[in-house]
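Here is the structure we will look at, set down as structure tokens.
Atoms considered below: every heavy atom in the structure, side chains included; atoms not considered: hydrogens, waters and symmetry mates.
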Amino acid sequence: MVDEEELLRAEELSNGHFVPPANVCGLSVLSCLLLASSYVGSLYVWRSDLPRDHPAVIKRRFTSVLIISGLSPLFVWIWKELTGIRMVSPLLVVMGFRFEGLIPAIVLPLVLTMILFLGPLTQLAMDCPWTLMDGIRIAFDPWFWTLCFSDMRWLRNQVVAPLTEELVFRACMLPMLVPCAGPSTAIFTCPLFFGMAHFHHVIESLRFRRGSLSGIFFSAAFQFSYAAVFGAYAAFIFVRTGHLVGPVLCHSFCNYMGFPAISSALEHPHRLTVLSSYLLGVLLFLLLLFPLTDPSYYGLPTPVCALAASSSSLCLP
């Protein structure tokens with residue numbers, strides 16, 4: 001006789017949704033905590049008295065995080081086996097490695113993020129001594145990119161950190177959280193692990209006495225908040241597009257731009273123009289947030305949405 005639970009699972013599988021097993025939430029949270037701890041802990045397996053920006057420290061940490069990131073799909077596979085959840089798509093596809101809708105996934109989320117940064121980009125263009133043609137020539141100059149890839153800090157901020165952090169904190173954690181919490185709640189839960197992972201900077205700030213104690217913890221609280229907000233945005237993009245490439249490119253772009261220099265915008269000679277571009281960027285971003293991440297551009301349903309116990313408006317066009 002076929003087990004009733006198996007019949008129920010089979011029916012839900014055919015509809016693209018699942019009733020999560022009773023133990024899925026505990027195992028999901030535990031797996032995410034272990035994964036986040038492994039990622040951060042890997043940064044400190046090397047004993048060194050050098051600061052984090054020293055090339056030797058960066059190279060060692062590259063080794064650590066690349067190993068952990070390479071093993072991170074194993075966490076998801078073990079979680080899947082322990083919970084008994086059956087995925088409609090292969091594991092790597094659920095984690096955002098797929099070709100369907102790839103071009104829109106590369107272009108549209110990055111355009112959306114650049115619209116949000118319209119103010120800082122306008123300010124940068126006004127203050128930059130280069131002309132547009134200078135910028136284009138530099139962008140196509142192989143020597144420029146050779147210098148970039150030989151700079152350990154640039155390589156960390158623009159390539160390794162965005163790739164490994166998005167793989168671990170979005171591509172691996174969201175598939176584990178969505179069956180438990182649903183897409184909407186998972187988008188706001190996942191960034192908490194991402195934000196907490198950035199608290200490790202407090203250790204180095206205290207170790208090298210970078211500022212007062214209150215200043216260090218205020219900076220850490222700000223960094224946690226900024227990381228959590230960005231993490232929610234990156235998780236939103238991942239759920240809506242079902243691709244890893246969009247969050248990675250947006251992460252790299254945000255690392256390059258940094259936090260908007262609002263104070264300097266207030267003191268800019270062309271303050272009205274700069275502040276207007278800030279406001280316009282935010283308004284356009286809010287207006288285009290859902291249209292540019294419409295799941296129909298990327299293939300319906302996105303694989304991570306198929307893990308939800310019930311349909312969500314985030315997964316619909």
Side-chain angles (χ1 to χ4, degrees), residues 5 9 12-13 17-44 64-65 67-89 91-96 164-203 220-221 223-240 242 244 247 251 302-312 314-315:
E5 184 178 351
R9 291 282 183 84
E12 288 157 353
L13 183 62
H17 298 289
F18 305 91
V19 170
N23 62 340
V24 69
C25 288
L27 286 171
S28 296
V29 172
L30 180 60
S31 298
C32 290
L33 284 172
L34 287 173
L35 191 51
S37 300
S38 299
Y39 185 92
V40 175
S42 71
L43 301 174
Y44 294 94
S64 300
V65 297
I67 290 173
I68 293 298
S69 300
L71 294 175
S72 60
L74 185 60
F75 282 78
V76 188
W77 182 82
I78 293 173
W79 165 85
K80 180 176 73 74
E81 293 299 308
L82 290 175
T83 57
I85 284 182
R86 300 176 185 178
M87 297 182 176
V88 176
S89 305
L91 178 60
L92 289 179
V93 172
V94 174
M95 291 174 58
T164 59
E165 289 180 2
E166 293 308 314
L167 174 60
V168 170
F169 292 95
R170 246 66 69 185
C172 288
M173 290 191 182
L174 280 169
M176 294 191 289
L177 292 172
V178 165
C180 166
S184 300
T185 304
I187 282 175
F188 294 100
T189 305
C190 187
L192 298 179
F193 298 99
F194 184 59
M196 287 187 292
H198 284 72
F199 263 115
H200 74 92
H201 294 304
V202 174
I203 299 173
Q223 192 168 28
F224 169 83
S225 302
Y226 184 61
V229 170
F230 172 79
Y233 174 56
F236 174 86
I237 292 173
F238 183 86
V239 168
R240 292 278 287 176
L244 178 61
H251 192 150
T302 55
V304 71
C305 283
L307 295 175
S310 59
S311 61
S312 169
L314 287 175
C315 300

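The two atoms that bring Ala232 and Pro191 nearest to each other are N-CG, 3.2 Å, heavy atoms only. Pairing each heavy atom of Ala171 with each of Leu244, the nearest pair is CB-CD1, 3.9 Å. Taking both residues in full, the closest heavy atoms of Ala186 and Leu174 are given as O-CD2, 3.8 Å, listed atom of the first, atom of the second, then distance. When all heavy atoms of Val94 and Phe238 are compared, the closest pair comes out as O-CZ, 3.6 Å. Leu177 and Ser28 get closest at one heavy-atom pair: CD2-CB, 4.4 Å. Residues Trp79 and Met87 share a closest heavy-atom pair of CZ3-CE, 3.9 Å.
Residues Cys172 and Leu35 are in side-chain contact: their nearest non-hydrogen atoms beyond the backbone lie under 4.5 Å apart. Between Val239 and Cys305, some side-chain heavy-atom pair lies under the 4.5 Å cut-off. In this structure, the side chains of Phe236 and Ser184 stay at 4.5 Å or more apart for every pair of heavy atoms. Looking at heavy atoms from C-beta onward, Met95 lies in side-chain contact with Leu167 at the 4.5 angstrom threshold. When side chains are defined from C-beta on, Phe75 does not count as touching Val168, because their heavy atoms never get closer than 4.5 Å. Between Leu307 and Pro175 the shortest side-chain heavy-atom distance falls below 4.5 Å.
The closest side-chain donor-acceptor pair between Tyr39 and Thr164 falls under 3.5 angstrom.
Heavy atoms of other residues, nucleotides or ligands lying less than 6.0 angstrom from OH of Tyr226 number more than 12.
Between Cys190 and Cys32, a gap of 2.5 Å or greater is found separating the two SG atoms.
Atom CD1 of Ile85 and atom CE of Met176 lie 11.0 Å apart (nearest 0.5 Å).
Of the possible polar contacts, none joining the Arg170 side chain to the Ala234 backbone as a donor-acceptor pair under 3.5 Å is found. Without hydrogens or angle criteria, Ser37 side chain to Leu34 main chain gives no donor-acceptor distance under 3.5 Å.
Remark: Thr302 pairs with no residue by the side chain to side chain donor-acceptor pair (under 3.5 Å) rule, at least two apart or across chains.
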